[in-house]
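Atom set for the values below is all heavy atoms of this structure, side chains included, hydrogens, waters and symmetry mates excluded. Protein chains get the first letters and strands the later ones, always in sequence-line order, with residue 1 at the start of each.
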Number of protein chains: 2
Amino acid sequence: MMARVALEHAILVSLLEQPGSGYELARRFDRSIGRFWTATHQQIYRVLKRMEADGWVTAEEIDQDGRPDKRRYSVAAPGRSVLTTWLREPVQPESVRHELAVKIRGAAFDDAAGRAALLAEVERYRADHETTLHRYQTGEQRDFPDPGALDTGQRLQHVVLRGGIAYEQMVLAWLDDVLETLHGLGR
Amino acid sequence: MMARVALEHAILVSLLEQPGSGYELARRFDRSIGRFWTATHQQIYRVLKRMEADGWVTAEEIDQDGRPDKRRYSVAAPGRSVLTTWLREPVQPESVRHELAVKIRGAAFDDAAGRAALLAEVERYRADHETTLHRYQTGEQRDFPDPGALDTGQRLQHVVLRGGIAYEQMVLAWLDDVLETLHGLGR
DNA sequence: TCTTGATATGCAACTAGTTTCATAGCATGA
DNA sequence: TCATGCTATGAAACTAGTTGCATATCAAGA
């Protein structure tokens with residue numbers, strides 16, 4: 001039993017890369033880690049409590065002046081061994097929840113007004129992905145200016161980021177195809 | 001409240017395209033619909049019961065000789081109006097759960113043996129995606145041999161399938177990049 | 001004959017994830 | 001001064017999704 005769990009492992013990786021508070025983790029899940037694993041702050045706080053109780057992570061209270069205190073978490077030895085065990089297990093297929101694709105097929109059962117509304121939504125959605133792509137590309141130039149001079153961890157982070165960039169570029173090209181197809185229905 | 005729900009909507013679209021039993025839906029979710037929305041047969045049977053109770057779908061008992069009876073579901077008027085309402089709501093960002101990406105970043109905290117094991121997993125994973133791509137391409141040639149002569153529903157299904165193909169091609173190219181990067185760490 | 005596998009449906013128990021609400025200090029700008 | 005927004009954590013209630021088990025028919029092959 002157990003085996004796929006998942007959020008725990010993403011948190012362990014993130015804390016090994018850089019210890020931090022629940023709040024900081026939530027922001028990372030909105031940014032870098034969130035590219036391939038999403039989580040709300042509620043879930044993160046809950047899972048961190050459980051991981052602390054199980055001895056996978058340790059917490060340190062940090063007084064901050066001007067701001068509320070925070071609890072900085074770090075990975076403990078048992079957490080690290082949980083992670084390495086998990087790393088050697090077979091990779092599960094990625095799971096996709098692509099609402100837009102469902103809506104596009106659903107548009108066949110709506111009228112012209114509905115398809116026009118969908119078209120506008122696709123354009124908004126495209127703009128969001130364009131913003132995301134630019135953010136990734138800016139991050140790449142900032143964090144990996146000299147790809148020849150990276151250590152192991154940085155090279156692995158870089159190849160994952162390149163995956164995010166390739167994904168966004170693919171999505172943008174596909175959305176152009178979708179827009180053209182939706183326009184073509186009207187003719 | 002309510003609004004994102006989701007599996008219900010994917011089932012409504014699938015049943016509008018073609019009425020069918022829970023079992024048949026589960027197979028479609030393993031194949032075509034499953035490209036962008038996954039669900040187990042348990043979840044599908046449970047949601048179908050609820051949708052039937054809410055009057056979104058109607059069921060018809062079908063006797064089959066040689067096989068167990070089945071219940072064929074069709075979308076009823078209230079279900080159709082639920083769907084069109086949902087179609088006009090803003091599209092939620094797709095949610096990605098990409099375990100492999102977490103493991104790649106995690107590999108920075110494992111030893112050479114762990115990275116070698118990951119490399120083998122990435123190769124197996126790549127073979128799976130190659131199979132998926134071939135299945136999509138075969139399906140495309142079978143279902144859309146003449147892209148000029150398609151009705152609205154088929155054009156929309158086709159553009160979603162092209163998205164699946166573009167996704168698989170992008171994944172394969174990225175996995176080659178990952179393999180090269182993992183090999184490069186050993187040198 | 002016996003096993004395996006496909007068709008076909010479902011309950012029960014569990015785990016994961018979301019939403020709503022609450023609290024509290026300080027900074028910034030209108 | 002007042003509203004807004006960011007930092008920071010959390011409880012409670014709910015919804016969604018997974019896993020394990022159970023059942024039954026029939027076909028195909030060992």
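Using cut-offs of 30° and 60° on the angle between ring planes, the pair A/His158 and A/Phe144 is parallel.
The rotation axes computed at either terminus of the helix from C/dT1-D/dA30 to C/dA30-D/dT1 lie 30° apart, taking five pairs at each end and rounding to 10 degrees.
Checking C/dG10, D/dA8, C/dT7 against the side-chain heavy atoms of A/Tyr45 singles out D/dA8 as nearest.
Closest of all the heavy-atom pairs between B/Leu119 and B/His183 is CD2-NE2, 3.8 Å.
At least one side-chain nitrogen or oxygen of B/Lys49 sits closer than 4.0 Å to the OP1 or OP2 atom of C/dG10. The side chain of A/Thr38 places no N or O atom within less than 4.0 Å of a non-bridging phosphate oxygen (OP1 or OP2) of C/dG17. In terms of phosphate contacts, B/Tyr23 brings no side-chain nitrogen or oxygen within less than 4.0 Å of OP1 or OP2 of C/dT9. At the phosphate of C/dT9, OP1 or OP2 sits under 4.0 Å from a side-chain N or O atom of B/Ser21.
With B/Arg155 contributing its side chain and B/Leu150 its backbone, the two residues share a donor-acceptor pair below 3.5 Å. The main-chain N or O of A/Ala113 is found under 3.5 Å from a side-chain atom of A/Asp111 such that the two form a donor-acceptor pair. Of the possible polar contacts, none joining the B/Glu168 side chain to the B/Ile165 backbone as a donor-acceptor pair under 3.5 Å is found. Side-chain atoms of B/Glu121 come within 3.5 Å of backbone atoms of A/Val91 as a donor-acceptor pair (strictly under, hydrogens ignored). At least one donor-acceptor pair under 3.5 Å links the side chain of B/Thr181 to the backbone N or O of B/Asp177. In terms of modelled atom types and a separation under 3.5 Å, the side chain of A/Trp56 and the main chain of A/Leu83 share no donor-acceptor contact.
The distance from atom OH of A/Tyr73 to atom P of D/dT9 is 7 Å, rounded to the nearest whole Å. As rounded to whole Å, 17 Å separates atom P of C/dT15 from atom CD of A/Gln92. Taking atom CD1 of residue B/Ile62 and atom C1' of nucleotide C/dA8, one finds them 13 Å apart after rounding to whole Å. At whole-Å resolution of the value, CD in B/Gln43 and P in C/dT15 are 17 Å apart. Nucleotide D/dT9 holds its C1' atom 13 Å from the CD atom of A/Glu52, rounded to whole Å. In this structure, A/Glu8 atom CD and C/dA16 atom P are separated by 6 Å, rounded to whole Å. Look at NE2 on B/His41: it is 10 Å from C1' on D/dC21, rounded to the nearest Å. As a whole-Å value, the separation of B/Arg97 CZ from C/dT15 P is 18 Å.
Residue contacts for A/Arg72: at a heavy-atom cut-off of 4.0 Å it reaches no nucleic acid atom on any strand shown. The residue B/Arg71 sits close only to the backbone: its heavy atoms come under 4.0 Å of sugar-phosphate atoms, none of a base.
With hydrogens and angles ignored, a donor-acceptor pair under 3.5 angstrom links the side chain of A/Gln42 to the base of D/dG10. Applying the 3.5 Å distance criterion, the base of D/dT18 shares a donor-acceptor pair with the side chain of B/Arg46.
Sequence order on DNA chain C of the closest nucleotides to A/Thr40 and B/Arg27 puts B/Arg27 first from the 5' end.
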